[in-house]
Amino acid sequence: MAPAPPPPPRKLPLLEPGSAFYWTSGAEGALRIQRCTACGTYQHPPFPHCAACGSEDVAPAAVSGKGRLATYTINYEPWIPGLPVPFVFGVVELAEQRELYVFTNVLAPVDQVRHGMAVAVTFEPHEDVWLPMFRPEDAPA
Amino acid sequence: MTDLPEKLTCITGAGQSEVGRPSSRTALQLTADACLQAIADAGLKVSDIDGVATYPGKSAEGGGIAPVSPAEAAAVLGIDPRWILASGEGFSHMAPIFNAITAIACGLARHVVIFRTVAQATARLASRQSTLMAGERNARIEGNNAWTVPFNALSPINTFALYAQAYFDKYGATSEQLGAIAVNSRRNAAHNPNAIYRKPLSLEDYLASRVISSPLRLFDCDSHIDGSTAIVVSHRDAASDLRNPPLHIEAMGMAMGGLWVGKFAGDFTHLAADKAGAMLWSRTDLTPGDVDCAQIYDGFSIHVWLWLEALGMVGRGEAAAFVEGGRRIAIDGELPLNTGGGQLSAGRFHGYGHIHEATVQLWGRGGGRQVQDARTCLISNGGYGYGAMLLRRD
Ligand SMILES: [Zn+2]
């Protein structure tokens, strides 16, 4: 049997000045989220100033990369030819702060995905982008 | 509350073109069909119309979501506008209506025709990927879509499925309960000659349909069409001697926030639409108990639950049990819902089909789907920018 063709390339994010750090932080192996130096609040997506206190003194800060799965969906539809399905698209609430959410893929068998499950970040490199994805915290990295 | 701008305005006419998958008529022809019908329905001449508005306007994208500008429509119809507007933001699909209301209240226009034209069926025939969020092949993703599309969330269903799953998990809701929305819409569409799907759909059919993005299935999704819908909004002082009894815009509400609009707050079981509902009820003495029928946005079925709660028609977490079995939301139920088939069965007009159906009900044109003695209709619209209106007939 012929080997399966490679999956279609991911649609990658444009590295824009305000948010590129999120997509490249995997190069150093740590997830980074924008944090206000004045009041300590994290925010995502990043903005030019802190939504909590208004300070413009905001900068990327390394976080633990741990969190819990706030909600998810299992996508079965191959929207483009060759898209590997099923896969899990989800929202992770990072451990650092309530309602600090990131959208991601959860790298787990679809029948093992549960609301609230503990997850940890892992990075999938594509060109100049390290996509932050998450795996069950008790699974090997 | 008599000086609120919406109290000065009313809907005086409505029209809808043929609806095709695809249509043989161009987007501009369909627009003219709907607008001319709405103007004639109001008992007005084209020369009476002094304002034109649309959602979202015209853009270069090829997906058929924005094929006609208000200026083009005015030119084709022979309207000489004093006021014109295209709005793709500002509370989303209903924004042109809210803006027309304020323009009329401010004296900038007397009779405004507002249209929504889609050519998504034609675009979809040319490319199956026309309705995806991925942009041009190989292009990098910009803006808010960059947070989701790289994870292969290529369709809007993926993000709204997140809400459905969160709602299921929090309240113990089931697919049988969600399926009641699609089944109800299809039952009503059987009596709507312009609906695209009119073949009966049972709950068993729903549960046997394939899962697209769990827990949402094929029949939880609305469908792309070609077509145009239009209404005429008039100053109340110019409406009393027209052809139809005026439909008073009793109250409006609007909000924006959440997905695709920056920072996200909440637990994915409710929408910023909550604020639109609260605003609407703060502008009228009527209450949810006064609503005779409701046309609730159903881009995906889950929107209906979230909107019913946002509008205070049911309590938080109660929508699933309320619609279960379909009795309460049937034509002869306590809250007849999406009486023309909604977007699930009548096609994706981005809420303008819902507005048209409200006029059908309040002017007694529903035939086999007519709600008896309907005097008020609640309409809601949108999945990221949120609008709601309460219409009332004397
Ligand atoms: Zn701060």
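Quantities reported herein were computed from a predicted structural model and do not represent experimental measurements. Convention: sequence-line order gives letters A, B, ...; per-chain numbering from 1.
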Query raised in the report: Just checking heavy atoms, which of residues 161-172 of chain B are less than 4.5 Å from chain A?
Result: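 If one takes a 4.5 Å heavy-atom cut-off, the residues of residues 161-172 of chain B near chain A are B:A161, B:L162, B:Q165, B:A166, B:D169.
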Requested in this report: Would you please go through residues 210-218 of chain B and name the residues with a non-hydrogen atom below 4.5 Å from one of chain A, in numerical order?
Outcome: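 Listed by number: B:R210, B:V211, B:I212, B:S213, B:S214.
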Query raised in the report: What residue in A:M133, A:R10, A:H115 has the most heavy-atom pairs under 4.5 Å with chain B?
Result: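 Heavy-atom pair counts peak at A:R10.
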Report task. Quick one: which of A:L14, A:L83, A:L100 has the most heavy-atom pairs under 4.5 Å with chain B, could you say? Result ->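 So the answer, after comparing A:L14, A:L83, A:L100, is A:L14.
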Report task. Taking atom CD of B:E176 as the centre, report whether more than 12 heavy atoms of other residues, nucleotides or ligands fall under 6.0 Å from it. Result ->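 Counting other residues, nucleotides and ligands, CD of B:E176 exceeds 12 neighbours.
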Which answer fits [X], side chain, backbone, both or neither, if we ask what part of it has an atom under 4.5 Å from a heavy atom of chain B?
X      : answer
A:V129 : side chain
A:Y101 : side chain
A:P132 : both

Report task. Assess the side chains of B:R186 and B:S345: does a donor N or O sit below 3.5 Å from an acceptor N or O? Result ->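 Distance-only check passes for B:R186 and B:S345.
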**Report entry** Choice from B:A153, B:P150, B:S155 maximising heavy atom contacts with chain A below 4.5 Å
**Finding:**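 The answer is B:P150.
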Ion pair check, [X] and [Y], cut-off under 4.0 Å:
X      : Y     : answer
B:R140 : A:E16 : no
A:E96  : A:R35 : no
A:R98  : A:E93 : no

Query raised in the report: Which pair of heavy atoms, one from B:N338 and one from B:I296, lies closest together, and at what distance?
Result: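 In this case the closest contact between B:N338 and B:I296 is OD1-N, 2.6 Å.
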Query raised in the report: Between B:L154 and B:V149, what is the shortest heavy-atom contact and its length?
Result: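 Reported closest heavy-atom pair: CD2-CG1, 3.8 Å.
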Looking only at the aromatic ring of each residue, does the gap between the centers of [Y] and [X] stay below 6.0 angstrom?
X      : Y      : answer
B:F349 : B:H93  : no
A:Y22  : B:W147 : yes
B:H303 : B:F160 : yes

Query - Intermediate values then yes/no, side chain to side chain contact (heavy atoms under 4.5 Å, CB included), A:Y42 and A:V63 - result: CA-CA 10 Å; A:Y42 292 93; A:V63 294; 3.5 Å; yes
Report task. Check step by step if side chain to side chain donor-acceptor pair (under 3.5 Å) holds for B:D274 and B:Y386. Result -> CA-CA 9 Å; B:D274 295 356; B:Y386 305 97; over 6 Å; no
